[in-house]
Structure formats: structure tokens, C-alpha cells
Amino acid sequence: MSTRVAIVGASGYSGEELVRLLLHHPHAELVAVTSRQSAGQTVAQVFPRFASHPKARALRFTEPDAAVLARVADVVMLALPHGVAAEYAIPLLAAGRTVIDLSADFRLRSAATYAEFYGHPHPAPGLLETAVYGLPEFYREAIRQTRLVASPGCYPTSILLPLLPLLRAGLVRPTGIIADSLSGVTGAGRKAEVDYLFCECNESLRAYGVPKHRHLSEIEEQLSLAAGQSVTIQFTPHLVPVNRGIHTTLYLAPTTAFQTPAETMALSEKIGACYAAAYAHEPFVRVLEGKSMPDTKNVVGTNYLELAWRLDPRTGRLIVLSAEDNLLKGASGQAVQSLNILCGYPETAGLLPG
Ligand SMILES: NC(=O)c1ccc[n+]([C@@H]2O[C@H](COP(=O)([O-])OP(=O)(O)OC[C@H]3O[C@@H](n4cnc5c(N)ncnc54)[C@H](OP(=O)(O)O)[C@@H]3O)[C@@H](O)[C@H]2O)c1
């Protein structure tokens, strides 16, 4: 039997990707899409690129109404701004529905950290302990059993997937970590703001959110859990003039010194074995070999994250690089991965490139 799925905030960038994935999903049935601005229009009218799909010509956007959604859907996916998502999650969970939230509202275990980074008290602190961080590679079993998935942020996914295995294995120090990330402009959402107008972004590069971007809260919480001690990192995000894609470079200090070719080779083997143990059987993480480097053009439009690493004996650092699509592995693809796990479908259902 198929699962009835609704998307709240389906007219935004990540909502649109959810629509695309669910229209073609082999086991899920898209039953409702909401948007205040597009209410009354069909999916095909709002997104002409889906117009050849019969469901897109029939299904109309509605005003978001939790009571209505709870009647028609088994699972509700929230692609809403943070703060707003919780307003829908609370009644939907109370009505017995399963919620997959793409916002930051349930990603943190600590309501105090949420208030510190998001600038307002957490709207439903009691729900935080029931939420599962929706990073399937690390929380698959917990996702299977929850009714509230907090899908990770785009930058956090690009940093945590390369870093968690190394920290858990004690191969890198939990101190002095530096992460530089570059993101396409869809990362800011489909909203009209001067900073994201074409002429403000095109042919230009700039950092933002320095030194305390909001995503640091969930990145540091997850890194601390992996390291077994409090971890603070330096994170600088940059806006780059592409529509989508995130590239991250991590600068890390291995716990074992390496200078000679033999020491470097020995450490290389340990790092390679660590990543193989973590990801050899993961469907959406590609550890690159040889000279290949993560490249957003190889992952945009897919749910894959690519990573590669190099040891630098001159500086004593390990450099790890990753690339992903911010709207797929960084948002909607990962959320559908969680949907598949929750519903007992093959984890790759509806997510493999055609
Ligand atoms: N963009 C990314 O790369 C990315 C990656 C990971 C996670 N996320 C997270 O995913 C969520 C959605 O991001 P996005 O980039 O897709 O945002 P977006 O493009 O700005 O879309 C937001 C959606 O929410 C609806 N909405 C806004 N305010 C609302 C309200 N008060 N009540 C009901 N509906 C409302 C909007 O439609 P109407 O205004 O027509 O109602 C729209 O459909 C955010 O929490 C974001 O942080 C985004």
C-alpha cells in the first residue's frame, strides 16, 4: 500500500524538489501541497516543468491547514521557515501523523542552544527529545522508529558526513577544526531579498554569517556527540553565483603525527579504512579515489554526497573536501531518504538518477 504524503511549503525551493521526487516516487502518493501565495493553482500552473505529469495537472495548492492535512495524509513534510514549522508539527503529531521537518526547529537537543542561535524561545521544547536527527548514515535505526524526523541542514550535511567517522574513530583532534563552505543561491530560499537579487550575487563572491552562522549549533552538537566532548569549530560559509550545490573544505589535525612517506602511508591506510567502514555500503555517499575531487557538477540534481581527502605532510593537516546538492542531499533528497526508511521502502526508492 502506498503512503499518503503532504508537503507544507511546497512552493519554495526545497518544497519544489519534494514535489518532483514524490510525483515520481514508486510507493508514495502525493496527496496535498500547500502555499498561501499559490493556493487554488495546480502544481502544473505553478511549476510548468511538471506539466506532463497527470497528477501535477490535477493537484491544486491549498492554504496550509494542519487539521485538513492530518485527515488526508499519513506523513507530512514541512518545507517551511524555522519557527513556522513547529506551528504545524505540534497539531500534526498530536493528531497521530508522522512529520518530516526540513527546517531547523527540531534538529537540536537543547532548547537553550536553539534560543541562542535562532533568537527566540523554542516553540515546543517538549518535542525535542522525541525528534531524531535525520542523517540516515548515522541514525537509520532511530529514524525507523520515530514520528518526528528533523532533517539536517545543507551545510551541516556537507560537514558532518566527512567528519563524523574520523571523530568517532579518534583519527582527528576535536579542536582547531576549520570548515570553509561555498553555497549556491537557492540555499537562501525563494524569497525576495536585496542580498539575493541577481545583480547582487552574479559575478561575485562573499562570505556571510561570520563568525556564528546558525548552522553551527547543530554541527557542533553532532560533532560533540561523536567526539564525546564539547567541540567548537570555525565555520565560514560563502555565497557563490550558482543556483545550487555546496562545496566544503575541512582543515583537520590528525591525532597521529606524519612526516615521512612511511608515516603518511600508514595514516592514509587508516583514514581509507575508516571511510570504507563508514560508507562502502552507503547508497548516497561516494568516497572518491585517485585524483578525482568532489565537484558540484557531479552531484547537482542527485542525492549523492562526494568526498575526498589529502594528507599534507608539510603542514601536518588532513584536508577533507565534499560536494552535494543543497536541495537534495542537503534537504529534500535526504528527507525522502528518511521517508523511505520510516515507511520500510528501499532507501533508494525514488532517489536514484534515471
Ligand atoms: N534552500 C535550501 O538549500 C535548504 C536546505 C536545507 C534545509 N532548508 C530548510 O528548508 C526550509 C524551507 O526552505 P526553502 O529554501 O525551500 O524556503 P523557501 O524557498 O523560502 O520556501 C518557503 C515555503 O514556505 C511557505 N511559507 C513561508 N512562510 C509561511 C508561513 N508563515 N506559513 C505557511 N507557509 C509558509 C512558502 O509559501 P507561501 O509563502 O506561499 O505560503 C514556501 O512554500 C527552511 O526551514 C530551510 O532552512 C533549506
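Please read these numbers as outputs of a predicted model, since none were measured by experiment. Whatever order the structure lists them in is the order used to number ligands and atoms, beginning at 1.
Listed as neighbours of ligand 1 are Gly9, Ala10, Ser11, Gly12, Tyr13, Ser14, Ser35, Arg36, Gln37, Pro64, Ala79, Leu80, Pro81, His82, Val84, Tyr88, Leu102, Ser103, Arg107, Cys154, Thr186, Gly187, Gly189, Arg190, Asn326, Leu327, Gly330, Ala331, each bearing a heavy atom under 4.0 Å from the ligand.
The aromatic rings of Tyr114 and Tyr118 lie parallel to each other, their planes meeting at an angle below 30°, with 60° marking the opposite boundary.
Listed here is the closest heavy atom pair of Ser292 and Ala308: O-CB, 4.0 Å.
The one candidate from Lys329, Glu218, Gln334 that meets the side-chain hydrogen bond (donor to acceptor under 3.5 Å, both in side chains) condition with Thr157 is Gln334.
With a 4.5 Å cut-off on side-chain heavy atoms, Val5 and Glu29 do not count as touching. Under the 4.5 Å side-chain criterion, counting only non-hydrogen atoms from C-beta, Arg206 is in contact with Asp195.
Other residues, nucleotides and ligands place no more than 12 heavy atoms under 6.0 Å from the NZ atom of Lys297.
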